[in-house]
Every structure is written in C-alpha cells, then in structure tokens.
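Everything below concerns the one structure shown next.
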Amino acid sequence: MKWKPGEPKWRQLYEVLRERILDGTYPPGSKLPSVVQLTAEYDISEVPARHALKELRAVGLAEMHVGEGTFVTELPTPEEQ
C-alpha cells in the first residue's frame, strides 16, 4: 500500500478495512487480521493498526472478542439505516 502524505496511517488503514468489509471481502462474522498481521502486511507500527481496528469497532463495523480477535458485525440492511 502506498501511504498518502499528510493523512494519518491509521485513517488510511481504517478506510481500506472499511471498504473490504462493505464490499464483502470480509463478510459478517469473519475475523479481521490481527494487529500483528496488519503491522506485517502494511509495514506500520502497532499504534495505527490498533487505532484503525478501534475505529471500526466505534462505528459498529466490528466487535472484539477478548482472546479471540476482532470480527465483522452484521451490517444493517438499507431499511434499518
């Protein structure tokens, strides 16, 4: 991934993961990559990787299960939005 200068890496990573959730690459119930996997794949530190996952949880796209990982939540149907 090519990082855009001037935009926080966590935000860019959040956008990539968000898009992958919304396009079905990571369907509801699937486990998202761990912080360690994200740091290796995107060559970033743990701080932006954790922040991106935290933002996904904050907007309701993911939930953390302690000791298991972070999983994609059920997406609301258009009628529920």
Side-chain angles (χ1 to χ4, degrees):
M1 177 168 173
K2 212 162 182 163
W3 299 108
K4 299 174 198 165
E7 187 175 344
K9 288 182 181 178
W10 73 264
R11 181 72 179 174
Q12 294 177 66
L13 179 58
Y14 162 81
E15 290 296 336
V16 167
L17 295 173
R18 180 183 172 278
E19 184 61 36
R20 289 182 180 171
I21 289 169
L22 296 177
D23 75 10
T25 301
Y26 296 124
S30 66
K31 185 176 180 180
L32 292 171
S34 69
V35 169
V36 171
Q37 291 168 321
L38 291 171
T39 60
E41 183 176 346
Y42 293 98
D43 193 27
I44 56 174
S45 71
E46 288 185 12
V47 173
R50 287 184 197 285
H51 196 155
L53 292 174
K54 178 181 174 186
E55 285 299 310
L56 289 171
R57 292 191 304 269
V59 298
L61 291 174
E63 56 189 17
M64 186 186 338
H65 298 265
V66 178
E68 295 178 35
T70 303
F71 295 82
V72 178
T73 58
E74 289 294 324
L75 301 177
T77 60
E79 307 83 56
E80 295 174 345
Q81 293 181 355

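What you are looking at is a predicted structure, and each value in this text was computed from that prediction instead of being measured.
- Residues Leu56 and Leu32 meet the side-chain proximity criterion, which asks for heavy atoms closer than 4.5 Å.
- Scored by the side-chain contact (heavy atoms from CB on, under 4.5 Å) test, Pro27 finds Ser30 as partners (sequence neighbours excluded).
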Side chain to side chain contact (heavy atoms under 4.5 Å, CB included) between Leu17 and Leu53, worked out: CA-CA 9 Å; Leu17 295 173; Leu53 292 174; 4.2 Å; yes
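- Under a hydrophobic-cluster definition in which Ile, Leu, Val, Met, Phe, Trp and Tyr are linked whenever side-chain heavy atoms come within less than 4.5 Å, directly or via other members, Val59 and Tyr26 are assigned to the same cluster.
- Residues satisfying the side chain to side chain donor-acceptor pair (under 3.5 Å) test with Asp23, not counting sequence neighbours, are Thr25.
- Ring pair Trp10/His51 is parallel by interplanar angle, where below 30° counts as parallel and above 60° as perpendicular.
- Taking the side chain as every heavy atom from C-beta outward, Pro8 and Tyr14 never approach each other to under 4.5 Å.
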Using the rule given for side chain to side chain contact (heavy atoms under 4.5 Å, CB included), can you reason through Leu38 versus Leu13, listing the C-alpha separation, both sets of side-chain angles and the distance that settles it, and then say yes or no? CA-CA 9 Å; Leu38 291 171; Leu13 179 58; 4.3 Å; yes
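- When the side chains of ILVMFWY residues are joined at heavy-atom separations under 4.5 Å, either directly or via intervening members, Val72 and Leu22 end up in a single hydrophobic cluster.
- Residue pairs meeting the salt bridge (charged side-chain N to carboxylate O under 4.0 Å, His left out) criterion with at least one member in residues 48-72, sequence neighbours excluded: Glu46-Arg50.
- Shown here are the side chain to side chain donor-acceptor pair (under 3.5 Å) partners of Ser34, two or more places apart in sequence or in another chain: Gln37.
- Legend: residues meeting salt bridge (charged side-chain N to carboxylate O under 4.0 Å, His left out) with Glu19, ordered by chain and number and at least two apart, are absent.
- Between Pro28 and Thr73, the closest heavy-atom pair is CB-O, 3.6 Å.
- The salt bridge (charged side-chain N to carboxylate O under 4.0 Å, His left out) pairs that include a residue from residues 5-17 are Arg11-Glu15, where partners are two or more places apart or lie in different chains.
- Of all heavy-atom pairs between Trp3 and Tyr42, the closest is CZ2-O, 3.5 Å.
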